Every structure is written in structure tokens, then in C-alpha cells.
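Beneath this line is the structure, given in C-alpha cells, with notes to follow.
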Amino acid sequence: MTALLEVEDLRVAYGKIEAVKGISFTVESGQVVTLIGTNGAGKTTTLRTLSGLLKPSSGKITFDGKPLTGVAAHKIVALGLAHSPEGRHLFPRLTIEENLQLGAFLRKDKDGIEKDIQRVYELFPILGERRKQASGTLSGGEQQMLAMGRALMSRPKLLMLDEPSMGLSPIMMKKIMETIRELREQGTTILLVEQNAQAALTLADHAHVMEIGRIALSGTGQHLLHDESVRKAYLGED
Ligand code: ATP
């Protein structure tokens with residue numbers, strides 16, 4: 001089986017600083033793959049490169065059988081790769097519903113868009129209840145839900161989530177993680193970046209630990225969850 005996403009020896013630099021130093025990994029259809037690692041390991045840089053916001057200095061990205069290198073960000077969305085970024089980047093003055101509609105900006109199928117908005121409201125009922133509310137007035141957890149919902153509105157083949165649990169209360173975090181599990185059960189393929197290694201590894205089919213721009217360790221989520229070095233470095237054990 002060919003992978004939905006294939007990243008080969010990817011390097012990305014900010015000027016002279018190389019943030020991603022030759023990483024390779026794949027995401028198969030239907031999988032949840034996670035990148036974990038401390039601050040500054042290069043996880044966000046990797047996602048931003050995959051969605052065309054940063055240009056790699058070298059390496060190869062293949063998505064759904066097509067090369068992504070050099071393809072503009074909006075075309076990458078059209079190919080089926082959606083990104084729910086760190087910090088969310090919603091339009092604060094627009095309502096929940098308007099933000100969701102913007103997530104479908106490349107689509108013309110009005111009925112399908114309406115159906116998918118309803119699907120987001122089923123996943124996150126609170127968004128449905130507040131559909132006319134400006135997104136800037138939502139709590140952090142609600143904004144995170146909206147960012148995920150907006151990314152889903154492009155009907156992606158691959159959904160990339162950057163730190164969906166950041167800054168959330170334990171209850172909200174649990175809700176977000178449950179939703180990721182639900183999305184996977186519905187067949188959505190997900191590339192998840194998380195600081196919360198425990199939650200990410202519990203969910204993931206496959207996981208990679210990034211350390212200063214490199215992949216230091218890879219394995220199934222369960223394998224890494226029980227790996228002694230991972231437990232010490234990322235799960236707060238002595
Ligand atoms: P975090 O969880 O803090 O976002 P991360 O693993 O996602 O961590 P990146 O944000 O990808 O890490 O950062 C990787 C490295 O690149 C870091 O050393 C960071 O300081 C550097 N970096 C990130 N963005 C820029 C930028 N715009 N200009 C220069 N250096 C940057």
C-alpha cells in the first residue's frame with residue numbers, strides 16, 4: 001500500500017538556522033500519526049512546510065501520489081490537506097458559522113457544505129448552540145473546537161492538528177482527544193502534533209519523537225507509551 005503522505009529527508013531552515021534536519025516518515029490512510037517532542041523540536045515547522053507555508057531547503061513530500069514541493073498553500077488545501085494551526089487563527093469578529101463557511105472556501109457544493117456544518121455541530125454541540133456568536137468571544141477550548149471544525153470543512157484527506165490541547169482545561173482536553181478518536185473512527189486520517197505526549201501516544205497508531213530537528217525515536221503509540229526513555233523524558237517519570 002502506498003502511503004497517503006510520504007516525507008523524505010525533509011530539511012527546513014529559517015535563514016541560517018536549520019529547524020528541521022532531514023526527517024522522513026509516512027502517514028497511511030486511516031491512521032493517526034503523532035509527532036511529539038519538546039518546545040522547539042521542529043514540529044510546527046514540519047506542519048507549516050507540509051501545508052506550503054514554508055519552503056523546504058531540500059527533501060521530498062508526496063501527498064496522495066503527487067509531489068507537494070513548490071505547490072502553493074491554497075492548492076495544497078484543494079488537494080485534500082487541511083491544517084488546524086497552533087494558536088488557532090480564527091477570524092474573531094466573524095461568527096462561528098461564518099468561520100466554518102470560510103473553511104469551505106474552495107467548495108461550490110452548497111448542500112454538502114451545509115451538511116458538513118451540521119456534522120461539525122454534531123461533533124461539537126456547543127458550536128451549534130452558539131453559531132451566531134463572534135468567535136473572538138469563545139473560550140480557548142471552544143476556539144480549538146472551531147479551528148478543528150473549520151479544518152474539517154474542506155473535507156480533507158489528511159487533517160493536521162497542531163497542539164489542539166494547548167492551554168485547555170483537563171476536561172476540554174479530554175473532549176478534544178475524544179473527538180480526535182471519533183474522527184479516526186469515521187475514517188479521517190490525522191497528523192497530530194502534541195506536547196501532551198501521554199494523550200497523543202494513547203491515541204496514535206504510529207508516533208515519532210522529535211528532538212532538535214530530527215526524529216529520535218519511532219514506533220507504535222503503545223510501544224512508545226511503554227518505552228522507558230520516552231516515559232522519563234516526556235511523561236514526567238523518574
Ligand atoms: P513549539 O511546540 O514550541 O511550537 P516546535 O517543535 O513546534 O515547538 P518549531 O516551532 O517548529 O518547534 O521551532 C523549531 C525551531 O525553529 C526552534 O528552534 C525555533 O526557535 C525556530 N523557529 C521557529 N520559527 C521561527 C522563525 N519564524 N524564525 C526563526 N526561527 C524560528
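As the structure is a computational prediction, the values presented were derived from the model and not from experiment. Counting starts at 1 for both ligands and their atoms, in listed order.
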> Under the ring pair (Phe, Tyr, Trp, His ring centres under 6.0 Å) rule, what pairs show up with a residue in residues 3-59, not counting sequence neighbours?
Replying inline: Phe25-His208
> Is the closest side-chain donor-acceptor distance between Ser135 and Asn99 under 3.5 Å?
Replying inline: yes
>> Check this for me: does any side-chain nitrogen of one of Lys232 and Glu228 sit under 4.0 Å from a carboxylate oxygen of the other?
In response: yes
For residues 57-67, tabulate all N or O donor-acceptor pairs below 3.5 Å that involve a side-chain atom, not counting sequence neighbours.
residue, atom, partner, partner atom, Å
Ser57, OG, Arg11, O, 3.1
Asp64, OD2, Lys157, NZ, 2.9

>> How about CD1 on Ile212, more than 12 heavy atoms from neighbouring residues, nucleotides or ligands closer than 6.0 Å, or not?
In response: no
>> Which protein residues come within less than 4.0 angstrom of ligand 1, counting heavy atoms only?
In response: Tyr14, Ala19, Thr38, Asn39, Gly40, Ala41, Gly42, Lys43, Thr44, Thr45, Glu86, Glu163, Gln195
> Which side-chain hydrogen bond (donor to acceptor under 3.5 Å, both in side chains) pairs, counting each pair once, include a residue from residues 108-117, with sequence neighbours left out?
Replying inline: Arg107-Asp109, Arg107-Asp116, Glu114-Gln118, Asp116-Arg155
